[in-house]
Amino acid sequence: MRVVTTAQPLDVQPTPLALLLLGREADPRSERGVECPGDLPSPSDPDLVERARAAKEKLGDKVFVLGHHYQRDEVIQFADVTGDSFKLARDAAARPGAEYIVFCGVHFMAESADILTGDDQKVVLPDLAAGCSMADMATAEQVAECWDVLTEAGVADQVVPVSYMNSSADIKAFTGRHGGTICTSSNAKRALEWAFEQGEKVLFLPDQHLGRNTAVRDMGMTLEDCVLYNPHKPNGGLTTEQLRDAKMILWRGHCSVHGRFSVESVEDVRARIPGVNVLVHPECKHEVVAAADQVGSTEYIIKALEAAPAGSKWAIGTELNLVRRLANRFAAEDKEIVFLDKTVCFCSTMNRIDLPHLVWTLESLAEGNLVNRIQVDPETEKFAKLALERMLALP
């Protein structure tokens with residue numbers, strides 16, 4: 001057997017992506033990845049609940065704790081209010097007397113709270129590593145490049161950006177600078193109607209599914225009216241003709257939790273539970289939404305189950321913490337509520353906010369140590385707030 005050798009070793013340099021996948025580098029543009037300074041209490045500490053309660057009582061009216069619906073029960077029990085991301089940001093803005101806003105959610109939510117609260121209020125995220133995979137799928141650089149592509153195609157002046165609340169402050173600011181608005185899963189239709197009054201096309205960021213479902217299911221467009229812009233391909237993977245023909249230019253982003261649900265999940269639960277009502281979030285894939293009985297935001301889901309008759313059966317396509325909480329809440333009313341998929345699927349980044357992080361945060365603040373402050377720079381805040389105000393002004 002002949003063995004061939006080289007005189008010099010191959011000069012192979014790993015790419016940044018390869019290093020990231022190997023865990024040997026970090027992505028500085030990502031919302032993920034900063035450890036808390038100091039030591040967290042042990043998760044096995046039997047006194048965690050009492051420690052959190054004592055620190056919160058010591059802070060009194062100086063602290064206002066917000067809990068997103070997808071948080072763990074151990075954290076939610078200390079929330080002054082619960083809700084979706086925008087409701088919580090508005091609740092924070094309505095409490096100008098609170099010096100500290102502790103946001104038990106993820107990074108983009110805390111940014112929105114900082115944008116909407118007073119300059120003297122301090123927004124704190126218990127774990128800075130609590131990011132959002134969907135928000136990470138659209139960076140400021142990628143979106144700026146997309147706008148260049150639209151400009152070169154000769155359609156930028158016809159395009160109005162509409163960004164989902166689940167986006168970074170940078171993306172909200174881009175939206176504000178370019179005459180667009182923000183939307184939630186509850187008011188996406190109104191936001192799109194407004195946008196089409198301003199222009200002929202919409203660039204929808206960063207969740208393709210919410211954009212597609214709203215356009216097709218709620219506004220009567222066709223799938224052919226929608227194109228998918230992939231930021232990892234030249235020109236987004238689209239031709240100039242496709243961009244000129246499209247009404248909805250959807251960003252290639254998605255929620256890692258809601259994207260897991262499938263038509264097979266719907267078919268399986270219907271076979272297992274006769275008479276079940278399938279209720280899913282509009283971040284689910286279009287074919288899942290089409291197969292469901294009802295579609296709506298987290299607030300819609302909660303209200304639908306509150307109004308449901310005793311003895312009814314429901315399969316819910318959204319984050320598991322919320323589904324379990326609702327199942328326990330309505331069990332006494334004989335409402336059967338199950339998770340749509342057989343596979344357990346929490347929001348991994350939302351679950352980074354646990355009781356040890358909350359205790360560490362509250363105790364630090366009670367001792368006068370400001371930790372993990374989320375602060376949006378003034379220029380970004382100015383244009384992001386403009387986009388949010390356009391949403392608030394929607395009829």
Side-chain angles (χ1 to χ4, degrees), residues 15-17 27 29 133-183 188-255 259 282-287 289-290 380 383-384 386-387 390-391:
T15 65
L17 177 59
D27 181 358
R29 296 172 300 178
S133 59
M134 181 198 296
D136 285 346
M137 291 177 189
T139 67
E141 294 86 352
Q142 290 173 331
V143 176
E145 183 179 340
C146 172
W147 199 257
D148 289 341
V149 170
L150 298 178
T151 301
E152 290 173 8
V155 299
D157 59 344
Q158 306 167 29
V159 176
V160 177
V162 175
S163 292
Y164 190 21
M165 192 72 183
N166 298 28
S167 59
S168 69
D170 285 339
I171 301 308
K172 290 183 176 73
F174 167 89
T175 306
R177 285 191 190 96
H178 291 85
T181 188
I182 309 302
C183 76
K189 180 182 178 183
R190 280 189 292 158
L192 286 183
E193 288 171 343
W194 174 88
F196 280 111
E197 291 171 1
Q198 319 305 313
E200 300 174 22
K201 305 174 186 293
V202 165
L203 170 64
F204 195 90
L205 299 153
D207 180 27
Q208 59 169 303
H209 300 306
L210 177 61
R212 183 182 296 107
N213 289 329
T214 305
V216 176
R217 181 178 180 274
D218 299 333
M219 299 183 66
M221 296 186 206
T222 67
L223 291 174
E224 289 69 32
D225 291 324
C226 307
V227 294
L228 189 63
Y229 183 95
N230 186 340
H232 303 292
K233 291 185 177 181
N235 296 317
L238 299 169
T239 65
T240 298
E241 183 179 4
Q242 286 175 308
L243 290 171
R244 289 175 179 172
D245 291 343
K247 292 181 180 178
M248 290 286 293
I249 302 167
L250 305 171
W251 191 265
R252 190 176 181 270
H254 65 276
C255 170
E283 288 177 19
C284 292
K285 298 173 184 175
H286 180 66
E287 57 268 27
V289 165
T380 302
F383 288 101
L386 178 61
R390 288 193 185 115
M391 179 181 74

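For reference, positions follow the sequence shown, starting with 1.
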Seminar exercise, completed: With sequence neighbours left out, the residues meeting side-chain contact (heavy atoms from CB on, under 4.5 Å) with N166 are S85, F108, M134, Y164, E283
Exercise. How would you list, by chain and number, every residue that makes a ring-ring contact (aromatic ring centres under 6.0 Å, His included) with H178, sequence neighbours excluded?
Worked result: W147, F174
Exercise. Can you name the side-chain contact (heavy atoms from CB on, under 4.5 Å) partners of A195, sequence neighbours left out?
Worked result: V160, V162, V202
Exercise. What pair of heavy atoms forms the shortest contact from G211 to M248, and how long is it?
Worked result: O-CE, 3.6 Å
Seminar exercise, completed: Contacts of W194 meeting ring-ring contact (aromatic ring centres under 6.0 Å, His included) (sequence neighbours excluded), chain-then-number -> none
For this session: Please report the C-alpha distance between L150 and I249 in whole Å, then the side-chain angles of each, then the deciding distance to 0.1 Å, and finally whether the side-chain contact (heavy atoms from CB on, under 4.5 Å) criterion is met.
Result: CA-CA 10 Å; L150 298 178; I249 302 167; 3.8 Å; yes
Exercise. How far does NZ of K172 sit from OG of S167, to the nearest 0.5 angstrom?
Worked result: 3.5 Å
Problem set entry | Flag for D136-S133: side-chain donor and acceptor within less than 3.5 Å | no
Seminar exercise, completed: side-chain contact (heavy atoms from CB on, under 4.5 Å) filter on E287, not counting sequence neighbours, yields V263, K285
Exercise. Can you name the side-chain hydrogen bond (donor to acceptor under 3.5 Å, both in side chains) partners of N213, sequence neighbours left out?
Worked result: H286
Acceptor/donor pairs from residues 229-241 side chains to any protein atom, 3.5 angstrom cut, sequence neighbours excluded:
residue, atom, partner, partner atom, Å
N230, OD1, H232, N, 2.9
T239, OG1, Q242, N, 3.0
T239, OG1, Q242, OE1, 3.4

For this session: Looking only at non-hydrogen atoms, find the nearest pair between G176 and L386 and report the distance.
Result: O-CD2, 3.7 Å
Exercise. Among all residues two or more places apart in sequence or in another chain, which pass the side-chain contact (heavy atoms from CB on, under 4.5 Å) test with A188?
Worked result: C183, L210, T214
Exercise. Within a radius of less than 6.0 Å around CZ of R252, do more than 12 heavy atoms belonging to other residues, nucleotides or ligands occur?
Worked result: no
For this session: Could you grab the distance from atom CG of D157 to atom NZ of K201, nearest 0.5 Å is fine?
Result: 10.0 Å
Problem set entry | Partners meeting side-chain hydrogen bond (donor to acceptor under 3.5 Å, both in side chains) with H254 (sequence neighbours left out) | none
